[in-house]
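See structure below.
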Amino acid sequence: MPDSSTRPRDAALGTGLGRVLLLVYGIFALSASARALVQISTHFDEAPLAYLLSAFAGLVYLSATVGLAVGGIRGRLIALVSCSIELIGVLAVGLLSIADAVAFPDDTVWSKFGSGYGYVPLVLPFIGLWWIWRHRPRPGDASS
Amino acid sequence: MNGPLSVATIIAALVLAAWYLLRSALNRAPSRFDLLAAVVLSALVAVLVVVAVVGLFDGSRPSDTATFAGYLITTIAFTPVAAYLARLEPTRWGSLILGIACLVIPVLVLRLQQIASVTGA
């Protein structure tokens with residue numbers, strides 16, 4: 001990245017590419033939560049597991065958004081945990097929804113590795129984790 | 001919801017998306033013109049939403065009115081939020097924010113059309 005040389009090392013987690021991630025995580029937090037809300041409030045009995053997973057995914061995206069926005073050591077930790085859960089979630093649900101379609105009669109954000117969302121849910125945690133890793137506290141930092 | 005206004009919005013958003021992504025790829029921060037274009041797109045989207053809201057009060061409502069309303073609120077608020085974030089980020093990433101926003105707008109409009117086409121008559 002050409003701008004990495006001009007970007008201060010201690011720049012906040014939520015600036016630069018981090019702000020792009022903030023927007024994308026925000027979009028997913030909203031869409032997954034809203035989807036879960038509609039599904040659970042209107043036809044919960046049809047696929048309870050899938051709808052609870054939708055709600056869980058919404059919460060994970062929400063906490064990742066908050067972590068990125070808060071920044072600092074605590075925000076970074078929140079974002080790190082959220083993105084890790086997100087990665088495990090999208091891989092596990094992606095595999096299960098293909099292997100055991102009966103348990104997932106209705107889609108979630110993470111079904112089939114997020115194919116309904118242009119596979120963005122599959123790519124997003126990798127970018128998020130890479131960005132958080134790049135912002136790990138370094139031995140020389142006063143704040144670490 | 002299926003009128004020329006929707007088509008115009010989608011095309012405008014896609015053209016702008018291409019422009020913003022190009023700007024980001026060339027390592028350019030959003031210029032005044034870029035931000036102004038985002039405001040114009042916001043206005044276009046706002047008109048679309050107002051037309052849709054007026055449409056709710058005469059004749060057929062979508063069977064899923066609550067979801068429709070949720071999408072309308074999201075749609076009208078979305079571009080201004082993205083433009084605000086882009087203004088905070090005077091780097092290539094600001095252009096990328098605008099580019100992503102302009103890719104999401106057509107999805108929102110298409111979803112609105114989809115929900116509107118299912119009327120519970």
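The sequence lines fix the lettering, A, B, ..., with proteins before strands; numbering per chain opens at 1. Excluded from the calculations below are hydrogen atoms, water molecules and symmetry mates; all remaining heavy atoms, backbone and side chain alike, are included. Computed from a predicted structure; not experimentally measured.
Using a 4.5 Å cut-off between heavy atoms, A:Leu30 touches chain B through its side chain atoms alone. Neither the backbone nor the side chain of B:Val107 comes within less than 4.5 Å of any heavy atom of chain A. Residue contact with chain A, scored on non-hydrogen atoms closer than 4.5 Å, is absent for B:Tyr71. Only the side chain of B:Ile100 comes within contact range of chain A, judged by heavy atoms closer than 4.5 Å. Proximity to chain B involves both the backbone and the side chain of A:Val20, based on heavy atoms less than 4.5 angstrom apart.
Taking hydrophobic clusters as Ile, Leu, Val, Met, Phe, Trp and Tyr residues chained together by side-chain heavy-atom distances below 4.5 Å, A:Trp130 does not share a cluster with A:Ile78. If you chain together hydrophobic residues whose side chains sit under 4.5 Å apart, A:Tyr51 and A:Leu59 never meet in one group. Under the 4.5 Å side-chain heavy-atom criterion for ILVMFWY residues, a single connected hydrophobic cluster contains both B:Leu44 and B:Leu110.
A donor-acceptor distance shorter than 3.5 angstrom exists from the side chain of A:Ser31 to the backbone of A:Ile27, with no hydrogens or angles considered.
Heavy-atom pairs under 4.5 Å with chain A were tallied for B:Leu88, B:Val81, B:Leu96, B:Thr67; the largest tally goes to B:Leu88.
Ring-plane geometry between B:Phe33 and B:Trp19 is classed as perpendicular, the angle between the planes exceeding 60 degrees on a 0 to 90 degree scale with a lower cut at 30.
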